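Structure record follows, encoded as structure tokens.
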Amino acid sequence: MADEVLFDFLHMEMVSHVYKEQRSSKGELDSKDRAVCVSILEGMGFRVGQGLIERMTRDSPSFKDELDMMKFICKDFWTQVFRKQIDNLRTNHQGTYVLQDNKFVLLTQLSSGKQYLEEAPKYLAYSCGLVRGALSNLGLESVVTAEVSLMPSCESCNIA
């Protein structure tokens, strides 16, 4: 329990720090500045995702296909990072995967309505980087995006 709270606080402070640093040099943030902040957070997550997946798969046999990799991300990796499995994994069997978390840990502290919907992307960038870094280290180059239509539900779309 304590480690979950610490991770939540660390994540909130990372987001706050990146946005504060960008704001201090420019004053008010425009969409380009926000994109830079999201990119910085995604890069941080990418490196951490690479390290985590390397440690988690050190003694595991290699995966037979992309679907096995995604199942590992949904069950083992997500559980290790967020203490729960992904609620739903969908695919079109052409390289597109949609991971759905109906109660995403990093969004539950914000709100359960649409009030903070526009703030959600900055709290998802690090997680997108985690998944992209993990997939990259498994040999799967991907584009990871996150969509939020209702808080705290989140969908990540992974395109190989």
Side-chain angles (χ1 to χ4, degrees), residues 1-56 69-70 72-89 96-138 140-160:
M1 175 65 181
D3 55 342
E4 294 172 30
V5 173
L6 292 174
F7 178 72
D8 289 348
F9 283 138
L10 175 64
H11 180 261
M12 285 189 283
E13 282 302 312
M14 285 184 340
V15 171
S16 175
H17 175 74
V18 167
Y19 275 77
K20 197 178 294 179
E21 285 293 312
Q22 193 71 18
R23 191 176 298 118
S24 70
S25 64
K26 301 255 183 170
E28 197 60 35
L29 295 179
D30 60 11
S31 61
K32 184 179 177 185
D33 296 328
R34 283 190 286 277
V36 168
C37 292
V38 166
S39 178
I40 291 169
L41 289 165
E42 200 266 345
M44 292 170 139
F46 182 84
R47 179 60 194 110
V48 172
Q50 283 182 317
L52 283 174
I53 204 73
E54 186 174 320
R55 184 172 292 149
M56 290 176 69
M69 287 182 208
M70 295 308 297
F72 182 82
I73 294 293
C74 292
K75 291 179 182 176
D76 300 313
F77 183 77
W78 205 263
T79 301
Q80 186 75 28
V81 176
F82 299 112
R83 305 287 187 241
K84 68 182 282 295
Q85 289 185 7
I86 285 286
D87 295 314
N88 193 3
L89 169 64
T96 301
Y97 299 90
V98 178
L99 289 67
Q100 184 175 3
D101 190 337
N102 294 326
K103 197 169 180 183
F104 187 56
V105 174
L106 299 177
L107 292 179
T108 55
Q109 300 300 322
L110 290 179
S111 175
S112 293
K114 294 188 177 188
Q115 182 180 2
Y116 295 106
L117 207 53
E118 64 187 38
E119 296 293 317
K122 68 183 179 183
Y123 292 100
L124 298 173
Y126 183 79
S127 302
C128 288
L130 281 172
V131 173
R132 192 173 70 84
L135 291 173
S136 173
N137 223 19
L138 292 174
L140 184 62
E141 293 304 316
S142 61
V143 175
V144 179
T145 59
E147 298 172 8
V148 178
S149 55
L150 184 65
M151 303 269 268
S153 179
C154 172
E155 288 186 355
S156 285
C157 305
N158 303 298
I159 301 147

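These numbers come from a predicted model, not from an experiment.
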Roughly how far, to the nearest 0.5 Å, is [atom2] of [Y] from [atom1] of [X]?
X: L106; Y: K122; atom1: CG; atom2: NZ; answer: 13.5 Å
X: C37; Y: R34; atom1: SG; atom2: CZ; answer: 9.0 Å
X: C154; Y: Y123; atom1: SG; atom2: OH; answer: 14.5 Å
X: R132; Y: N137; atom1: CZ; atom2: CG; answer: 12.0 Å
X: C74; Y: K84; atom1: SG; atom2: NZ; answer: 10.5 Å
X: I73; Y: L135; atom1: CD1; atom2: CG; answer: 4.5 Å

Completion exercise
side-chain contact (heavy atoms from CB on, under 4.5 Å) filter on F72, not counting sequence neighbours, yields I53, M56, T57, F63, D76
Exercise for the section: May I have the step-by-step check of side chain to side chain contact (heavy atoms under 4.5 Å, CB included) for S127 and F104, ending in yes or no? Expected result: CA-CA 10 Å; S127 302; F104 187 56; 3.2 Å; yes
Exercise for the section: For the pair F82 and F7, name the ring-plane relationship: parallel under 30°, tilted 30 to 60°, perpendicular over 60°. Expected result: perpendicular
Is any side-chain heavy atom of [X] less than 4.5 Å from a side-chain heavy atom of [Y]?
X: L107; Y: L124; result: yes
X: Y19; Y: L41; result: yes
X: L130; Y: V48; result: yes
X: V98; Y: L89; result: no

What is the minimum heavy-atom distance between [X] and [Y], and which atoms define it?
X: M70; Y: L99; answer: CE-CD1, 3.5 Å
X: I86; Y: Q100; answer: CG2-O, 3.3 Å
X: T145; Y: C128; answer: C-SG, 4.0 Å
X: V36; Y: Q22; answer: CG1-OE1, 3.8 Å
X: S153; Y: V148; answer: O-CG1, 3.5 Å
X: Y126; Y: H11; answer: CB-NE2, 3.7 Å

Handout entry: Heavy-atom donor-acceptor pair, T79 side chain to K75 backbone, under 3.5 Å
Key = yes
Exercise for the section: Walk me through it: do S136 and Q50 pass the test side chain to side chain contact (heavy atoms under 4.5 Å, CB included)? Expected result: CA-CA 7 Å; S136 173; Q50 283 182 317; 4.1 Å; yes
